[in-house]
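Here is the structure we will look at, set down as structure tokens.
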Amino acid sequence: MEILNLYAGIGGNRKLWKDVNVTAVEYNKEIAEIYQDFFPNDKVIVGDAHEYLLNNFDKFDFIWSSPPCPTHSIVRYVATRDKKTNEIRQRPVFPDMKLYEEIIFLKHYCKAKWVVENVKPYYEPLLKPQNIGRHCFWANFVIDSIKHGIGLHYSDIDEVQKVKGFNLDKYNIANKKQILRNCVLSEVGLNILECSKRKNLF
């Protein structure tokens with residue numbers, strides 16, 4: 001099974017996948033190197049995942065995309081306003097519409113199974129997703145719900161590493177906790193891959 005793993009991070013979603021050939025695309029070279037350490041048999045490309053998808057979508061059996069989520073995040077939106085006065089205290093930004101570009105593109109051009117993952121946004125999603133926990137998933141197949149711990153907002157990085165199943169102690173890289181929190185839980189990643197193998201088109 002040929003899989004394309006876009007915006008791969010350190011590979012939280014990919015951790016429990018077995019017997020697959022994975023091409024991972026990650027723009028941050030340091031993070032891509034950590035991914036390669038954890039998954040030495042995967043082909044890792046340092047580059048623009050959005051552009052790679054456009055040029056290679058028809059070469060894979062399954063595509064997973066996790067575009068950056070901060071501009072869609074409820075947490076960031078809440079942080080822009082003072083709770084008491086409702087005044088803007090942090091400069092607002094446009095939502096990154098690459099998220100919807102990829103969903104629309106895959107829906108109309110991709111014959112393989114695909115899923116696009118993001119956080120639940122602060123606005124009503126422009127396209128209806130399937131929801132699991134705090135995440136939205138747009139896919140061309142039905143995703144079974146799965147019970148899991150949220151694995152977020154721990155104050156102790158050791159706890160976050162335990163929940164996410166990755167140890168970054170040996171790496172000299174900034175924002176380790178954020179890198180770990182960005183990981184989709186591996187149980188969710190496995191559940192979605194298994195669901196994609198059924199003939200349950202959305």
Side-chain angles (χ1 to χ4, degrees), residues 2-17 20-39 42-73 75-76 93-107 109-110 112-121 125-127 129-130 132-140 143 151-152 164-166 168 171 173-186 188-193 196:
E2 296 290 338
I3 294 179
L4 178 58
N5 190 15
L6 298 169
Y7 310 91
I10 62 171
N13 62 311
R14 185 262 181 273
K15 191 167 188 275
L16 298 179
W17 296 349
V20 291
N21 296 320
V22 179
T23 297
V25 184
E26 168 57 47
Y27 81 96
N28 185 304
K29 186 175 184 292
E30 288 182 296
I31 293 175
E33 288 172 354
I34 296 172
Y35 180 107
Q36 190 75 83
D37 283 351
F38 285 124
F39 308 103
D42 288 7
K43 179 181 179 181
V44 179
I45 296 168
V46 178
D48 184 334
H50 194 64
E51 189 70 20
Y52 193 90
L53 172 62
L54 180 64
N55 295 326
N56 297 278
F57 71 94
D58 54 352
K59 299 174 183 175
F60 297 90
D61 303 308
F62 176 73
I63 296 172
W64 180 299
S65 182
S66 290
C69 65
T71 63
H72 303 277
S73 166
V75 173
R76 190 190 190 287
V93 296
F94 286 125
D96 186 342
M97 300 309 283
K98 287 180 182 177
L99 169 67
Y100 292 103
E101 288 178 8
E102 293 190 6
I103 297 165
I104 293 168
F105 179 80
L106 288 167
K107 183 176 181 180
Y109 290 104
C110 188
K113 296 291 184 70
W114 56 267
V115 61
V116 177
E117 174 271 333
N118 215 272
V119 295
K120 287 183 178 177
L126 305 185
L127 298 169
Q130 301 176 65
I132 299 177
R134 72 180 193 96
H135 293 265
C136 290
F137 294 92
W138 294 265
N140 62 344
I143 301 171
L152 295 169
K164 297 293 184 163
F166 290 93
L168 302 182
Y171 298 101
I173 189 170
N175 299 320
K176 287 183 182 180
K177 191 185 292 188
Q178 188 61 49
I179 290 167
L180 290 161
R181 286 173 57 179
N182 286 344
C183 291
V184 172
L185 289 171
S186 54
V188 173
L190 178 61
N191 176 59
I192 290 173
L193 180 62
S196 77

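All residue numbers in this chain count up from 1 along the given sequence.
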- [ ] Report the distance from atom CG of Asn191 to atom OG of Ser186, rounding to the nearest 0.5 Å.
- [x] 11.5 Å
TODO: Side-chain contact test, heavy atoms from C-beta onward, threshold under 4.5 Å: evaluate it for Ile192 versus Trp64 and give yes or no.
DONE: yes
- [ ] Check for a donor-acceptor pair, side chain of Asn56 on one end and backbone N or O of Glu51 on the other, with a separation under 3.5 Å.
- [x] no
Task: Polar side-chain atom of Gln178 near backbone of Arg181 as donor-acceptor pair, under 3.5 Å - done: no
Open item on the list: Check the orientation of Phe62 and Trp17. Use parallel for under 30°, tilted for 30 to 60°, and perpendicular for over 60°.
Closed with: perpendicular
Open item on the list: For Glu117, is there any backbone N or O sitting under 3.5 Å from a side-chain donor or acceptor partner on His135?
Closed with: no
TODO: Determine, step by step, whether Tyr100 and Leu127 satisfy the side chain to side chain contact (heavy atoms under 4.5 Å, CB included) criterion, reporting the C-alpha distance in whole Å, the side-chain angles of both residues, the deciding distance to 0.1 Å, and the verdict.
DONE: CA-CA 8 Å; Tyr100 292 103; Leu127 298 169; 4.0 Å; yes
Open item on the list: With a 3.5 Å distance limit and no angle check, can you tell me whether Thr23 reaches the backbone of Lys43 through a side-chain donor-acceptor pair?
Closed with: no
Open item on the list: I'd like to know whether Glu102 forms a side-chain hydrogen bond (donor to acceptor under 3.5 Å, both in side chains) with Tyr7, so could you lay out the CA-CA distance, the side-chain angles of the two residues, the decisive distance to 0.1 Å, and finally the verdict.
Closed with: CA-CA 12 Å; Glu102 293 190 6; Tyr7 310 91; 2.6 Å; yes
Open item on the list: Rounded at 0.5 Å granularity, tell me how far CZ in Arg14 sits from CG in Leu190.
Closed with: 11.0 Å
TODO: Determine yes or no for a side-chain-to-main-chain donor-acceptor pair under 3.5 angstrom, with Lys59 supplying the side chain and Glu2 the backbone.
DONE: no
Open item on the list: Applying side-chain hydrogen bond (donor to acceptor under 3.5 Å, both in side chains) to Tyr27 and Asp48, what does each step give before you reach the verdict?
Closed with: CA-CA 6 Å; Tyr27 81 96; Asp48 184 334; over 6 Å; no
Open item on the list: On a heavy-atom basis, which atom in Lys164 and which in Cys183 lie closest, and how many Å separate them?
Closed with: NZ-O, 2.6 Å
- [ ] With sequence neighbours left out, write down each residue that passes side chain to side chain contact (heavy atoms under 4.5 Å, CB included) with Phe105, or none if nothing qualifies.
- [x] Leu54, Phe57, Tyr109
Task: Polar side-chain atom of Asn28 near backbone of Ile31 as donor-acceptor pair, under 3.5 Å - done: yes
Task: pair Pro121-Ser73: side-chain heavy atoms closer than 4.5 Å - done: no
Task: Separation of His72 NE2 from Asp96 CG (nearest 0.5 Å) - done: 5.5 Å
Open item on the list: I want to check something: taking the side chain as every heavy atom from C-beta on, are Pro67 and Val116 in contact at a cut-off of under 4.5 Å?
Closed with: yes
TODO: Please check if the side chain of Lys176 supplies one atom and the backbone of Leu168 the other of a donor-acceptor pair under 3.5 Å.
DONE: yes
Open item on the list: Ignoring hydrogens, what is the shortest heavy-atom contact between Leu106 and Trp114? Give both atom names and the distance.
Closed with: O-NE1, 3.5 Å
Task: Side-chain donor or acceptor of Lys120 paired with backbone N/O of Gly133 under 3.5 Å - done: yes
- [ ] Please say whether more than 12 non-hydrogen atoms of neighbouring residues, nucleotides or ligands are located less than 6.0 Å from NZ in Lys107.
- [x] no
Open item on the list: Checking Glu101 now: which residues fulfil salt bridge (Lys or Arg N to Asp or Glu O under 4.0 Å) with it, not counting sequence neighbours?
Closed with: none
- [ ] Starting from the C-alpha separation in whole Å, work towards a yes-or-no answer on side chain to side chain contact (heavy atoms under 4.5 Å, CB included) for Glu26 and Tyr35.
- [x] CA-CA 9 Å; Glu26 168 57 47; Tyr35 180 107; over 6 Å; no
Task: Smallest separation among heavy atoms of Pro70 and Pro68, with atom names - done: CD-C, 3.5 Å
Task: Worked check of side chain to side chain contact (heavy atoms under 4.5 Å, CB included) between Val25 and Leu4 - done: CA-CA 8 Å; Val25 184; Leu4 178 58; 4.1 Å; yes
Task: Ile3 and Phe60, any side-chain heavy atoms less than 4.5 Å apart - done: no
Task: Test: Lys29 and Glu33 ion pair at under 4.0 Å - done: yes
- [ ] Give a yes or no on whether the backbone of Leu193 and the side-chain of Ser196 come within a donor-acceptor separation of less than 3.5 Å.
- [x] yes
Open item on the list: So which atom in Ile179 and which in Ile173 form the shortest heavy-atom distance, rounded to 0.1 Å?
Closed with: CD1-CD1, 3.8 Å
- [ ] With side chain to side chain contact (heavy atoms under 4.5 Å, CB included) as the test, would you mind laying out the steps for Phe137 and Val188 before giving the verdict?
- [x] CA-CA 11 Å; Phe137 294 92; Val188 173; 3.9 Å; yes
- [ ] Mind checking side chain to side chain contact (heavy atoms under 4.5 Å, CB included) for Cys69 and listing every partner two or more places apart, or none if nothing turns up?
- [x] Asn118, Val119
Task: Heavy-atom donor-acceptor pair, Lys113 side chain to Ile63 backbone, under 3.5 Å - done: no
Task: Row check, Phe166 ring normal vs Lys15 NZ/CZ: under 6.0 Å, within 45° - done: yes
